[in-house]
Amino acid sequence: MLSKRLSRLKAYKTETTEAKIRLSSNELPYDIPGELKTLILEELKKLQLNRYPDPHSQELREIIGDFFGVPPENLMLGNGSDELIYYLSIAVGEFEQGVYIPIPTFPMYEISADVLGRPKVCVQLGSDFDINLEESLRRLDSEGAVLAYYSYPNNPTGNLFTREKIERIRDRGLFTVVDEAYFHYSGETFLKDALEREDTVVLRTLSKIGLAGLRVGVLIGREEVVSELNKVRLPFNVTLPSQVIAKVVLKEGMEFIENAVKKVVDERDRVFRELKGMKGVKAYPSRANFILFRTPFPASRVHSELVKRNVLVRNMSYLPGLEGCLRVSIGKPEENDAFLSALEESLKSLS
Ligand code: PMP
């Protein structure tokens, strides 16, 4: 018999609509160059697919450790950071203890808590999309929570929460997960805390820097925290091809990644300026590789008008406080141009 809990759950929604220009999943718009793919093919040819992968992803953890300036003992890898979010929801506190989540944010924090039947303390962000500290502390006093999730910068609003607010909430004894999926676009981090404190971990991912297809997420924390968390990790959670491909790209493709990230950051600032200049559009400043914007029209109608023009963005209006909002991932310059003119035409056709 399936658990009654399942009837109250919703599966994670992905955007699957067909469109030529896909700006809906915050991926890097540039695929890795052909020479790197040739190197990857050479490595893949050597693989013994009848064998299990290294259960500890030792070599890959060393390479990722070098990349982030962290010893491999402080790293645990996941099948995407999604999996690491699950592990944290399983491992921190007891299932009857609450999970604090400032909302609107990345839905996996709530989904993982719901799957386990954990109580949630979801507190609406202020109108500036920063944490509402007073309300959060009040709710934590009355409801209690032991685990806190922060998307830093926050998906889908794009801003960084005030660091001191995260610290003040942590002072109430909450184990703090700082999800830095967009770190490469913001440059801001809690890494030092994750290496110094037993109550803080940082999550990173290779998904936003060109390797979303591999599913490699990274948890950074103190060695004793990582080795405890390892007890809930599935043994071969990072596949053999993913380990091999990630190793090649991180060893040989750093220049490609750095250039691509820089281009996206420049484009983000340009797209923001263009959106700000567009009549009726409110764009929110972003430290990530996407921009949230609001129009006076129902978001579902704007979304379909854009799809008609072959541009796919994400309708965010289902999240609390984001009525009329859509999120556009930053693409290549020509994709961003196509989005901007499609949006202008869509808004004209709706008014
Ligand atoms: N955290 C945040 C804040 C995200 O936006 C995403 C991806 N949309 C993830 C985690 C999941 O990343 P991964 O591909 O590593 O599972």
Side-chain angles (χ1 to χ4, degrees), residues 11-16 22-29 57 60-61 64 67-68 75-89 99 101-113 115 125 129 131 147-161 166 176-186 188-190 194 201-220 233-234 237-239 242-243 245-246 249-250 257 264 268 284 286-292 312-316 318-319 322 325-330:
Y12 183 74
K13 256 182 36 200
T14 50
E15 179 56 89
T16 49
R22 304 188 65 83
L23 302 175
S24 58
S25 296
N26 302 341
E27 297 143 333
L28 188 75
S57 306
L60 180 57
R61 279 193 301 122
I64 291 179
F67 181 34
F68 291 149
L75 300 183
M76 176 167 127
L77 303 188
N79 193 274
S81 35
D82 286 342
E83 186 184 43
L84 299 168
I85 293 166
Y86 259 112
Y87 291 160
L88 287 160
S89 296
V99 181
I101 306 166
I103 55 168
T105 191
F106 182 52
M108 277 311 295
Y109 313 138
E110 281 202 59
I111 292 174
S112 66
V115 167
L125 298 173
F129 293 144
I131 293 166
L147 167 61
Y149 282 109
Y150 303 95
S151 170
Y152 187 81
N154 189 37
N155 176 13
T157 57
N159 57 307
L160 288 161
F161 300 136
I166 294 176
T176 296
V177 180
V178 185
D179 180 350
E180 300 180 356
Y182 302 97
F183 163 73
H184 299 275
Y185 302 93
S186 79
E188 292 291 328
T189 181
F190 275 71
V201 295
V202 156
L203 297 180
R204 301 257 179 101
T205 178
L206 303 188
S207 295
K208 310 298 172 188
I209 52 171
L211 297 175
L214 296 190
R215 312 300 300 124
V216 178
V218 185
L219 179 145
I220 308 171
R233 186 175 63 80
L234 296 174
N237 62 331
V238 183
T239 70
S242 291
Q243 291 189 33
I245 296 170
V249 176
L250 293 181
I257 294 176
V264 170
R268 172 188 74 198
Y284 297 93
S286 170
R287 299 292 300 272
N289 65 346
F290 54 81
I291 296 176
L292 185 77
L312 188 67
V313 301
R314 197 73 180 262
N315 180 350
M316 284 296 160
Y318 72 98
L319 290 177
L322 298 188
C325 286
L326 301 112
R327 186 196 68 196
V328 60
S329 310
I330 302 303

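Values below: every heavy atom of this structure, side chains too, minus hydrogens, waters and symmetry copies. Ligands are counted one by one from 1 in listed order, and the atoms in each one are counted from 1 as well.
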To which protein heavy atom is atom 6 (C) of ligand 1 closest, and what is the distance rounded to 0.1 Å?
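Ranked first by proximity to atom 6 (C) of ligand 1 is F106 CZ, 3.4 Å.
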Can you list the ligand 1 atoms lying under 4.0 Å from a non-hydrogen atom of [X]?
X    : answer
S207 : 13 (P), 14 (O), 15 (O)
Y109 : 3 (C)
S81  : 9 (C), 10 (C), 11 (C), 12 (O), 13 (P), 15 (O), 16 (O)
R215 : 13 (P), 14 (O), 16 (O)

If only atom types and distance count, is the side chain of R268 paired as donor or acceptor with the main-chain N or O of S286 below 3.5 Å?
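Side chain of R268 to backbone of S286, a donor-acceptor pair under 3.5 Å: yes, one is there.
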Out of M108, K208, E83, whose heavy atom is nearest to atom 7 (C) of ligand 1?
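The nearest heavy atom belongs to K208.
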Could you label the plane-to-plane angle of the Y12 and F106 rings as parallel, tilted or perpendicular, counting under 30° as parallel and over 60° as perpendicular?
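Y12 vs F106 ring planes: perpendicular.
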Report the relative orientation of the aromatic rings in Y152 and F190; use parallel for angles under 30°, tilted for 30 to 60°, perpendicular for over 60°.
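Taking F190 first and then Y152, their aromatic rings stand perpendicular (interplane angle over 60°).
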P156 and P104: which non-hydrogen atoms are nearest, and at how many Å?
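Closest pair (atom of P156, atom of P104, distance): CD-O, 4.2 Å.
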Run the side chain to side chain contact (heavy atoms under 4.5 Å, CB included) test on L214 and V249 for me, step by step, so that the C-alpha distance in whole Å, both residues' side-chain angles and the decisive distance to 0.1 Å come before the verdict.
CA-CA 11 Å; L214 296 190; V249 176; 5.9 Å; no
Using the ring pair (Phe, Tyr, Trp, His ring centres under 6.0 Å) rule, take F290 and Y182 through it: C-alpha gap first, then chi angles, then the decisive distance, then the call.
CA-CA 10 Å; F290 54 81; Y182 302 97; 5.0 Å; yes
Does ligand 1 have an atom under 4.0 Å from some heavy atom of D179?
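The answer is yes, since D179 has a heavy atom less than 4.0 Å from ligand 1.
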Polar-atom distance check: D82 versus ligand 1, any N or O pair below 3.5 Å?
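By distance alone, the answer is yes.
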